[in-house]
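Okay, structure first, notes after.
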Amino acid sequence: MLPWLCRSAVETAARDVYFARSLSAGRERHEVESTWNKARNQRQRLALALHGDPEKSIDRWIGAKPWRRAALTVAGPKVHSGLTSDPKGAVRDVERLVDDLRAEAR
């Protein structure tokens with residue numbers, strides 16, 4: 001269950017950042033929602049939040065901080081296979097990643 005909650009936290013933060021940036025730039029809400037809904041996976045949604053483009057690479061951003069990769073593993077593949085690491089550490093990594101995403105919106 002924890003990986004599902006972590007995925008939800010990451011995707012909600014990414015959505016908030018993408019929507020805030022896009023709407024502040026004057027894009028129409030229906031266009032912003034449509035673009036978000038077309039992004040089918042976590043990487044595309046993070047790319048929207050970080051770059052406004054679902055096809056742009058986020059590898060450099062992920063690699064810039066060690067907890068980002070760990071958090072995305074928890075919120076990604078571990079959703080299907082289950083958490084095998086320390087749950088408190090996993091939550092801390094996800095919290096830090098969410099904080100990093102929110103900082104992008106400032």
Indicate yes or no: at least one non-hydrogen side-chain atom of K38 is less than 4.5 angstrom from one of Q44.
-> no
Pair L101-Y18, side chain to side chain contact (heavy atoms under 4.5 Å, CB included): steps then yes or no | CA-CA 10 Å; L101 278 171; Y18 172 66; over 6 Å; no
Rounded to the nearest 0.5 Å, the CG atom of L72 sits from the CD atom of Q42 at a distance of 5.0 Å
How long is the span from the CZ atom in R15 to the CD atom in E33, to the nearest 0.5 Å?
-> 6.5 Å
Rounded to the nearest 0.5 Å, how far apart are CD1 of I62 and CZ of R69?
-> 6.0 Å
For the student: nearest non-hydrogen atoms of V10 and A75, plus distance | CG2-CB, 4.1 Å
Compare all side-chain heavy atoms of R92 with those of D86 and state whether any distance is below 4.5 angstrom.
-> yes
Rounded to the nearest 0.5 Å, the SG atom of C6 sits from the CE atom of M1 at a distance of 11.0 Å
Verify, without hydrogens or angle tests, whether R43 (side chain) and I58 (backbone) share a donor-acceptor contact under 3.5 angstrom.
-> no
List the atom pairs, with distances to 0.1 Å, where a side-chain N or O of residues 45-53 and a protein N or O form a donor-acceptor pair under 3.5 Å, not counting sequence neighbours.
residue	atom	partner	partner atom	Å
R45	NE	A39	O	2.8
R45	NH1	E11	OE1	3.0
R45	NH2	A39	O	3.2
H51	NE2	S57	O	3.3
D53	OD1	E55	N	2.9

Heavy-atom closest pair, residues R27 and V32 = CB-CG2, 3.8 Å
For W67 and D100 the tightest heavy-atom approach is NE1-OD2, 2.9 Å
Check whether any side-chain N or O of T35 sits under 3.5 Å from a backbone N or O of E31 as a donor-acceptor pair, and report yes or no.
-> yes
Out of curiosity, T12 OG1 to R7 CZ, how far, rounded to the nearest 0.5 Å?
-> 12.0 Å
Applying the 4.5 Å side-chain criterion to the ILVMFWY set and letting contacts propagate, would F19 and V17 be lumped into a single cluster?
-> no
Roughly how far, to the nearest 0.5 Å, is the CZ atom of R102 from the CG atom of L97?
-> 10.5 Å
